[in-house]
Amino acid sequence: MSLLNLKKSILLVSISLYGFLVYSQTQPQRNEGVIADKAMVVSARVEASQIGTNIMKQGGNAFDAMVATELALAVCYPFAGNIGGGGFMVFRLKDGVKGSLDYREKAPLAAYRDMYLDADQNVIPDKSLLGANAVGVPGTIAGIFEVYEKFGSLPFATLIQPAIDLARKGYILTENDIKSFNWNREKFRKANDYTIPFDAELKAGDTLKLPEMASTLERIRDKGRSEFYGGMTGKLMLDYLQKLGGIMTIADLEKYKAVWREPITFSYKNFQITSMNLPSSGGICMGQIMKSIEPYKIQKYKPNSQKYIQLIVEAERRAYADRAYFLGDADFVNVPVNKLIDKNYLKQRMSDFSWKKATLSSAVSHGNVEIVESNETTHYSIIDPFGNAVSVTTTLNGAYGSKVYVPEAGFFLNNEMDDFSIKPGTPNLFGLVGAEANAVAPEKRMLSSMSPTIVEENGKLKMVLGSPGGSTIITSVLQNIINVIEYNMTMQESVNQPRFHHQWLPDEVTLEPNVFDDKSVSKLKKKGYKISEKQSVILGKVDAILVKKDGKLEGGADPRGNDAAVGF
Ligand code: GLY
């Protein structure tokens, strides 16, 4: 059996067992993930989780581990781990202080509103997705240096060296890696003018060495942040982008800054949920959905039953309609954040919800808020022995981003420009329809759905979680919060649960295939919900840590991938 099929079987078995385990009064044992006494990393690759954990064993804190984990993922998870992309970090210090770092990519200075449209105002196929014009100014290296300078405790060389060694000595390819390389092979060839290492004849079990990436990381170790934003690495990147017709220049690299931002915190019953604020829609959208369902007694409904799905879908429909209209980079547009997560506004928004039948998305526009002025990413969660927590989602946007792989420097560049509304009203890679607030402009950050999240219960750290999955990130994260805080699932049970998603447009409920109860699905259909159960769909890949009642940590590593929890 292939690893993927094995994982799928484990998922299906754990899902079907779940109903029994949770609802049987006599059930003796819970399906728990990896348990650790004081520190843990959960990420998309065991190598990265191990590297981050080792840093904490050497006395490093969660921020040191973040730097090491992020760089390790850039080596062994090129699908989404990166130095040519960007991300967001939400943190909670041991004393309860919370904050967030935005190292999201930016539009180059030469970018303009209609750059992806032809003379007839039609979208030029693939221009925002594949190749040099899809690339936003990368933020990851600025992000890790910002984190290191503010919170790092071990020497930077100690934090970067494991990733250098991993690139130099190589990592073992999984079946998922090979499938994904094969799947993207054509695009690797279209985007590049040479054969990239992932286009070689490779099979599962082979060791893949990335010497160019190792040298790039060594230069960054020795020369620091400026190596990427002006040194030889920056030059290699710009030369290649310009050769391929891209618009990024040295001025873009020199101007790039990661920004510390206030995260968004909202309450749900006696829980405080902190997630990423703009330019991510994650925190606002999740806040809208959770506050919309808060007045309902959700525990009356079994998880993933028809009523449970219906309630959450209707809240999602309304929140994503608002997302499409109101949200964009708050450095460029005014967004009425507080109003959008106000409980009275959300009560009014849900006032036309009826249990009898589906609301049509065509009947749901954005809410009436007065503006005063004007699925591929990766997540990792860390808790350190000192009690600090770090939640990070980082991305190239699509798988391997723009597929542009910088020669002699050995890394992929993002295709984050597709997260702008390239033509208001036209869906992006994830089918999300956007409006003016998220139109392209020079130096603007494109709207994201990434939702690195931290949950507290009565002010105490409870969960660290997040997910990849573009627009499905928000709904995946919130379903996991609800699984744990409303249904008392273990972290692993929660992560294993089937997931569903609705995003206003297209007007359909996406279900992970063949894992939802037929009765619930047919009841939903009878009420007018259009159901989509495409075979290939994976909704999120949640990597999470739960602080158990006894203070131990439980990792929830998503069986939908090669994800792994490592702790001590
Ligand atoms: N590129 C996926 C996101 O930022 O949401």
Side-chain angles (χ1 to χ4, degrees), residues 44 70 73-74 77-90 100-107 116 128-130 134-140 143 258-259 261 263-264 275-286 289 316 319-320 323-324 327-330 375-380 391-404 412-422 427-434 437-438 440 444-453 465-478 501 503-504 538-543:
E70 179 95 13
L73 286 168
Y77 194 58
F79 181 83
N82 67 82
I83 60 171
F88 299 121
M89 174 186 76
V90 170
S100 70
L101 180 69
D102 161 7
Y103 55 99
R104 180 74 163 162
E105 300 91 326
K106 285 168 67 168
Y116 297 109
S128 63
L129 286 169
L130 187 71
V135 182
V137 185
T140 296
V259 185
R261 297 194 189 272
I264 185 151
S275 192
M276 195 62 209
N277 210 333
L278 296 165
S280 179
S281 60
I284 296 171
C285 203
M286 200 191 314
I289 300 166
E316 288 174 352
Y320 276 85
R323 179 199 193 277
L327 305 193
D329 182 349
N375 213 329
E376 286 94 5
T377 293
T378 191
H379 177 84
Y380 54 94
S391 186
V392 181
T393 313
T394 180
T395 188
L396 289 163
N397 193 25
Y400 313 97
S402 62
K403 315 320 189 245
V404 172
F412 283 108
L413 288 166
N414 67 83
N415 62 350
E416 218 68 62
M417 292 297 282
D418 189 61
D419 272 351
F420 281 115
S421 319
I422 54 176
N428 75 356
L429 179 61
F430 299 102
L432 281 174
V433 176
N438 188 32
V440 182
K444 191 174 175 182
R445 281 154 147 97
M446 53 297 282
L447 189 64
S448 172
S449 299
M450 292 190 288
S451 313
T453 299
L465 79 167
S467 176
S471 49
T472 70
I473 292 174
I474 300 164
T475 50
S476 298
V477 172
L478 92 90
H501 173 75
Q503 59 179 42
W504 179 49
I538 281 190
L539 295 179
K541 216 151 59 70
V542 175
D543 284 337

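Atoms within each ligand, like the ligands themselves, are counted from 1 in listed order.
Looking at Met450 and Asp419, their side chains never come closer than 4.5 Å, going by heavy atoms from C-beta outward. Counting only heavy atoms from C-beta outward, the side chains of Asn415 and Leu396 never approach each other to under 4.5 Å. Counting only heavy atoms from C-beta outward, the side chains of Arg323 and Leu447 approach each other to under 4.5 Å.
Side-chain polar atoms of Thr394 and Asn82 form a donor-acceptor pair below 3.5 angstrom.
When Leu465, Ile264, Ile284, Ile474 are each tested for a side-chain contact (heavy atoms from CB on, under 4.5 Å) with Ser451, only one passes: Ile474.
For ligand 1, the polar-atom distance check against Thr377 finds no nitrogen or oxygen pair separated by under 3.5 Å.
For Glu376, the heavy-atom gap to ligand 1 stays at 4.0 angstrom or more.
Nearest-heavy-atom check against atom 4 (O) of ligand 1 across Gly86, Gly398, Ser448 picks out Ser448.
Ligand 1 places these atoms under 4.0 Å from at least one heavy atom of Asn397: 1 (N), 2 (C). Applying the 4.0 Å criterion to heavy atoms of Met450 picks out, from ligand 1, the atoms 3 (C), 4 (O), 5 (O). For ligand 1 and Arg104, the ligand atoms under 4.0 Å from any heavy atom of the residue are 4 (O).
The aromatic rings of Phe79 and Tyr400 lie perpendicular to each other, with more than 60° between the two planes, well past the 30° mark.
For Glu416, every heavy-atom contact with ligand 1 shorter than 4.0 Å involves the side chain, none the backbone.
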